[in-house]
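First comes the structure, then the notes that go with it.
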There are 2 protein chains.
Amino acid sequence: MASTFELSDVNVSLTPLERFEEFLQSRGMRITKPRRVIVTEVFSRHEHFDAEELLIRMQQVASDAKVSRATVYRTLSELVNAGLLRQMTLSTRTVYEHDYGYPQHDHLYCQKCEKLIEFHSPELNEIRDAVAKKHNFNVTGHRFLVTGLCEDCRRRPPRRDRRLDHV
Amino acid sequence: MASTFELSDVNVSLTPLERFEEFLQSRGMRITKPRRVIVTEVFSRHEHFDAEELLIRMQQVASDAKVSRATVYRTLSELVNAGLLRQMTLSTRTVYEHDYGYPQHDHLYCQKCEKLIEFHSPELNEIRDAVAKKHNFNVTGHRFLVTGLCEDCRRRPPRRDRRLDHV
DNA sequence: ATTTATGCAAATCCTTTGCAAATCT
DNA sequence: AGATTTGCAAAGGATTTGCATAAAT
């Protein structure tokens with residue numbers, strides 16, 4: 001059965017946890033301890049992370065709050081569905097980042113140190129929408145990843161392995 | 001030992017096979033039958049494909065030209081290194097497309113039928129380079145993927161599963 | 001004759017799933 | 001109580017790897 005939840009209903013003044021609880025309720029899902037603990041941990045830091053990194057962090061919190069790998073994966077998926085997290089696939093791993101209450105942005109990706117640098121570009125959306133219009137395409141989002149070498153890594157001789165170019 | 005091959009040395013008038021042979025030689029790698037057969041098959045069609053699809057195509061060619069799965073993967077990787085193919089990771093699979101002798105472009109990705117529509121946008125590079133300059137970032141490439149619904153799929157009610165938004 | 005590449009099957013990595021037990025409402 | 005969620009371990013899918021054999025230089 002389709003949920004009645006719509007993005008326009010988002011109340012931006014809620015904390016991520018409150019927002020997630022609202023989402024769970026709207027779908028008839030339960031507010032459980034593992035879910036609460038995961039959201040709290042996820043939003044305690046702003047850096048990008050992957051499932052395995054989060055799992056390790058989860059295993060370091062108070063022993064009565066430990067969560068299994070399966071639940072970490074399942075909850076990350078729900079957080080994406082809820083619009084709290086955004087996910088993207090880099091060359092090897094799937095990374096997550098905060099989406100809720102965080103402005104839209106894109107990334108510079110350093111192929112050497114794997115650092116992700118965020119930037120904001122309104123012009124990009126204009127280009128995107130113009131292209132979409134031309135193709136009668138209905139845009140729901142985009143992903144723009146600029147690959148190369150960050151400031152720090154430029155000092156060392158760059159590597160030239162095409163294998164890493166795709167991300 | 002580092003190869004002396006540089007992108008500026010590319011002779012654009014070569015066929016993909018010739019170009020690959022040149023690449024192999026420059027690296028002291030051997031020109032083998034499986035490699036020749038794969039390159040020929042890969043460049044016999046322009047559509048995007050993944051490793052498994054190519055493997056199936058390989059198994060349908062003349063029986064004396066069959067190639068194993070491992071060799072398909074290994075050769076695809078070399079074709080990317082050689083600059084003949086470009087690869088990108090979609091939600092589930094890694095797809096390849098012709099790069100050699102083909103103009104730079106980006107894609108509209110239909111989340112429903114998984115179609116990839118190519119488009120060209122010079123303005124995009126300007127934005128990219130401007131942002132990079134601001135961050136003292138050395139660009140080697142980029143990937144811009146616009147997600148949504150293509151013209152054909154717009155006629156049916158769109159799905160709203162955030163899980164598919166990341167590609 | 002050497003050295004590299006291939007094919008096979010086993011191994012790996014990341015993620016998902018089945019199911020009984022635990023936890024919510 | 002009744003339904004959903006969790007944790008575990010096993011299953012999956014895609015890709016990589018070790019090693020003996022085949023092929024290229």
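As the structure is a computational prediction, the values presented were derived from the model and not from experiment. Here is the naming used below: chain letters follow the sequence lines, and residue numbers restart at 1 for every chain.
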Select from B:Leu24 and B:Ala70 the residue whose nearest nucleotide in DNA chain C is closer to the 5' end of that strand. B:Leu24
Using a strict threshold of under 4.0 Å (side-chain N to carboxylate O), is an ion pair present between B:Glu78 and B:Arg27?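 No.
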Do B:Glu22 and B:Arg19 sit within salt-bridge range, that is, some charged N less than 4.0 Å from a carboxylate O?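 Answer for the salt bridge query: yes.
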Donor/acceptor link under 3.5 angstrom from A:Arg30 side chain onto base of D:dA3: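 Answer yes: a donor N or O sits under 3.5 Å from an acceptor.
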Any donor-acceptor pair, under 3.5 Å, between the side chain of B:Arg74 and the base of C:dG7, if you only look at N and O atoms?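 In this structure, the two groups form a donor-acceptor pair.
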Within the pair [X] and [N], is there a side-chain N or O less than 4.0 Å away from OP1 or OP2?
X       : N      : value
B:Tyr73 : D:dT16 : no
A:Thr71 : D:dG7  : yes
B:Arg35 : C:dA5  : yes

Specify the separation, in whole Å, of atom CD of B:Glu52 and atom P of D:dA14.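 Distance check: B:Glu52 CD to D:dA14 P gives 6 Å.
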Rounded to whole Å, how long is the line connecting atom CG of B:Leu55 with atom P of C:dT6? 14 Å
Could you grab the distance from atom OG1 of B:Thr75 to atom CE of B:Met58, nearest 0.5 Å is fine?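 If I round to the nearest 0.5 Å, the distance is 8.5 Å.
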Measure the spacing between NE2 of A:His46 and CZ of A:Phe43 and express it to the nearest 0.5 Å.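 Going from NE2 on A:His46 over to CZ on A:Phe43, the span is 9.5 Å.
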Selected nucleotide, minimal atom distance to A:Thr32 side chain, candidates D:dT5, D:dT15, D:dC8: D:dT5
